[in-house]
There are 2 protein chains.
Amino acid sequence: MICLGIGVDDMSNPLLEIGSLLKAARKDLQLTQEQVADMAGISRPRYREIEVGSAAARVTTLINIARALGLELILIPKAIAPAVNALLKPHDDDDDLPAFAVSPESDDHD
Amino acid sequence: MICLGIGVDDMSNPLLEIGSLLKAARKDLQLTQEQVADMAGISRPRYREIEVGSAAARVTTLINIARALGLELILIPKAIAPAVNALLKPHDDDDDLPAFAVSPESDDHD
DNA sequence: ACTAAGAGATATGTAAACAGATCAATTTGA
DNA sequence: TCAAATTGATCTGTTTACATATCTCTTAGT
């Protein structure tokens with residue numbers, strides 16, 4: 001299979017970014033999509049779409065998924081973001097996930 | 001009007017928590033609901049519902065609102081959350097907002 | 001007091017997030 | 001190799017996040 005150019009995960013789309021983080025966290029915990037979906041109270045097809053980044057979940061849904069994966073959803077001032085990222089990187093032991101911030105992005109409408 | 005018990009903002013509901021944070025950030029920037037709604041690409045009635053916590057926005061919508069308010073949406077490991085909160089508190093100069101994490105919560109269905 | 005701007009609130013209509021079922025494709029393990 | 005588990009993918013239907021419009025009710029400003 002030839003796959004030129006573009007990296008496997010794009011990272012200009014926040015949904016893809018969120019999805020790949022969720023997948024990494026799930027794999028890390030050795031859980032199946034169905035298990036996480038069940039813990040989060042949503043269907044597996046729905047969770048799959050969220051994980052692959054083909055659909056935007058509601059905040060409440062993302063919160064529930066995050067909780068199932070041992071993650072927290074946080075809102076911070078933009079100015080603080082770099083410091084938070086710095087806080088996350090050094091902690092490179094074994095069982096943690098890279099936190100990430102969603103970047104400037106246009107959505108649907110506009 | 002008699003209002004016994006319960007504090008003005010509840011903080012057991014993540015939507016209320018998000019809403020009051022958005023409102024604080026908006027007031028801090030001296031913006032109207034309409035201005036923020038416009039910047040985020042949603043209607044004012046919709047933004048109002050999100051701000052008062054009576055409805056759950058999509059993640060993409062929350063990201064757009066956050067951007068309009070100089071905030072970032074972050075997903076972090078639960079274990080790191082306290083450290084991040086510590087990072088936010090000391091920074092009590094003049095123009096920053098309290099970051100916050102959404103807590104364990106059950107949503108719709110279940 | 002009056003006025004206007006901002007916020008609260010509701011109604012109707014549409015798009016998309018959800019559920020649930022059911023398929024194929026892929027991965028994993030015996 | 002075969003079978004089971006996991007994931008990919010699509011369909012039908014329901015709920016709800018959205019738009020737009022309109023109305024009242026506060027909250028300034030004069």
Side-chain angles (χ1 to χ4, degrees), chain A residues 1 3 8-10 13-69 73 102 105-110, chain B residues 1 3 8-10 13-69 73 102 105-110:
Chain A
M1 188 251 256
C3 180
V8 271
D9 46 6
D10 188 307
N13 181 348
L15 293 186
L16 292 180
E17 202 167 345
I18 291 171
S20 62
L21 175 63
L22 295 182
K23 181 168 187 173
R26 179 176 64 82
K27 288 294 185 185
D28 197 62
L29 294 175
Q30 307 211 63
L31 297 171
T32 68
Q33 291 181 346
E34 194 161 33
Q35 287 174 321
V36 176
D38 197 48
M39 289 191 258
I42 61 176
S43 65
R44 186 185 69 84
R46 191 77 205 124
Y47 174 74
R48 181 190 154 268
E49 286 186 334
I50 295 167
E51 198 181 84
V52 302
S54 71
R58 297 176 201 158
V59 272
T60 49
T61 299
L62 184 56
I63 288 169
N64 289 336
I65 293 173
R67 187 156 62 98
L69 295 174
L73 195 63
V102 289
E105 172 66 17
S106 70
D107 189 21
D108 7 290
H109 32 257
D110 260 69
Chain B
M1 189 251 254
C3 179
V8 270
D9 46 9
D10 189 305
N13 182 349
L15 293 186
L16 292 180
E17 202 167 345
I18 291 172
S20 61
L21 175 62
L22 295 182
K23 181 169 187 173
R26 179 176 64 83
K27 288 294 185 185
D28 198 62
L29 295 174
Q30 306 210 66
L31 297 172
T32 67
Q33 290 182 346
E34 194 161 33
Q35 286 174 321
V36 176
D38 197 48
M39 289 190 259
I42 62 176
S43 65
R44 186 186 69 84
R46 190 76 206 127
Y47 174 75
R48 181 191 155 269
E49 286 185 335
I50 294 167
E51 198 181 84
V52 301
S54 71
R58 297 176 201 158
V59 271
T60 48
T61 299
L62 184 56
I63 288 169
N64 289 335
I65 294 173
R67 188 156 62 98
L69 294 174
L73 194 62
V102 290
E105 172 66 19
S106 68
D107 190 18
D108 8 287
H109 30 253
D110 263 68

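Letters A, B, ... are given to chains in the order of the sequence lines, protein chains preceding strands, and every chain is numbered from 1. Below, each value reflects all heavy atoms present in this structure, side chains not excepted, and no hydrogens, waters or symmetry copies. These numbers come from a predicted model, not from an experiment.
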May I ask you to verify if any side-chain N or O of [X] is less than 4.0 angstrom from the OP1 or OP2 atom of [N]?
| X | N | answer |
| --- | --- | --- |
| Arg48(A) | dG8(D) | yes |
| Arg58(B) | dC18(D) | yes |
| Arg46(B) | dG8(C) | no |
| Gln33(B) | dG8(C) | yes |
| Thr61(A) | dC18(C) | yes |

At how many degrees, to 10°, do the end axes of the helix from dA1(C)-dT30(D) to dA30(C)-dT1(D) meet when each uses five pairs?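 Terminal axis comparison yields 50°.
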Between [N] atom [atom2] and [X] atom [atom1], what is the distance in whole Å?
| X | N | atom1 | atom2 | value |
| --- | --- | --- | --- | --- |
| Ile65(B) | dA17(D) | CD1 | C1' | 12 Å |
| Glu34(B) | dA19(D) | CD | P | 12 Å |
| Gln30(A) | dT7(D) | CD | P | 12 Å |
| Tyr47(B) | dA17(D) | OH | P | 17 Å |
| Asp38(B) | dA19(D) | CG | P | 11 Å |
| Leu31(A) | dA5(D) | CG | P | 17 Å |
| Glu49(B) | dA11(C) | CD | C1' | 12 Å |
| Glu51(A) | dA9(D) | CD | P | 12 Å |

5' precedence on DNA chain C between Thr32(B) and Ala57(A) (nearest-nucleotide basis):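 Between the two, 5'-proximity favours Thr32(B).
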By nearest heavy atom, map Ile50(A) and Pro45(B) onto DNA chain C; which one lands nearer the 5' end?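 Residue closer to the 5' terminus by nearest nucleotide: Pro45(B).
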To the closest 0.5 Å, what do you measure between [atom1] ([X]) and [atom2] ([Y])?
| X | Y | atom1 | atom2 | answer |
| --- | --- | --- | --- | --- |
| Leu29(A) | Gln35(A) | CG | CD | 10.0 Å |
| Ile50(A) | Arg58(A) | CD1 | CZ | 10.0 Å |
| Leu73(B) | Arg67(B) | CG | CZ | 13.0 Å |
| Ile63(A) | Leu15(B) | CD1 | CG | 6.5 Å |
| Ser20(B) | Lys27(B) | OG | NZ | 13.5 Å |
| Asp28(A) | Gln30(A) | CG | CD | 8.5 Å |

Considering only NZ, NE, NH1 and NH2 on the basic side and carboxylate oxygens on the acidic side, decide whether Glu51(A) and Arg48(A) come within less than 4.0 Å.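 Judged by the 4.0 Å cut-off on N to carboxylate O distance, Glu51(A) and Arg48(A) do not form a salt bridge.
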Just by distance, do the side chain of Arg44(B) and the backbone of Glu34(B) share a donor-acceptor pair under 3.5 Å?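 Answer holds: no.
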Mind running side chain to side chain contact (heavy atoms under 4.5 Å, CB included) on Leu22(A) and Leu62(A) for me, showing each step along the way? CA-CA 10 Å; Leu22(A) 295 182; Leu62(A) 184 56; 4.2 Å; yes
Check nucleotides 24-30 of chain C for protein N or O atoms closer than 3.5 Å to its own N or O atoms and list the pairs.
none

Polar atoms only, N or O, under 3.5 Å: list the protein pairs with nucleotides 23-30 of chain D and their distances.
none

Could you walk me through whether Ile42(A) and Ile65(A) satisfy the side chain to side chain contact (heavy atoms under 4.5 Å, CB included) test, starting with their C-alpha distance in whole Å, then the side-chain angles of each, then the deciding distance to 0.1 Å, before giving a yes or no? CA-CA 9 Å; Ile42(A) 61 176; Ile65(A) 293 173; 3.9 Å; yes
With a 4.5 Å limit on heavy-atom distance, are the side chains of Leu31(B) and Met39(B) in contact?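 With C-beta onward as the side chain, the pair touches.
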Closest approach of Tyr47(A) to Arg26(A) (non-hydrogen atoms, all atoms of both residues):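 Minimum heavy-atom contact is OH-CD, 3.7 Å.
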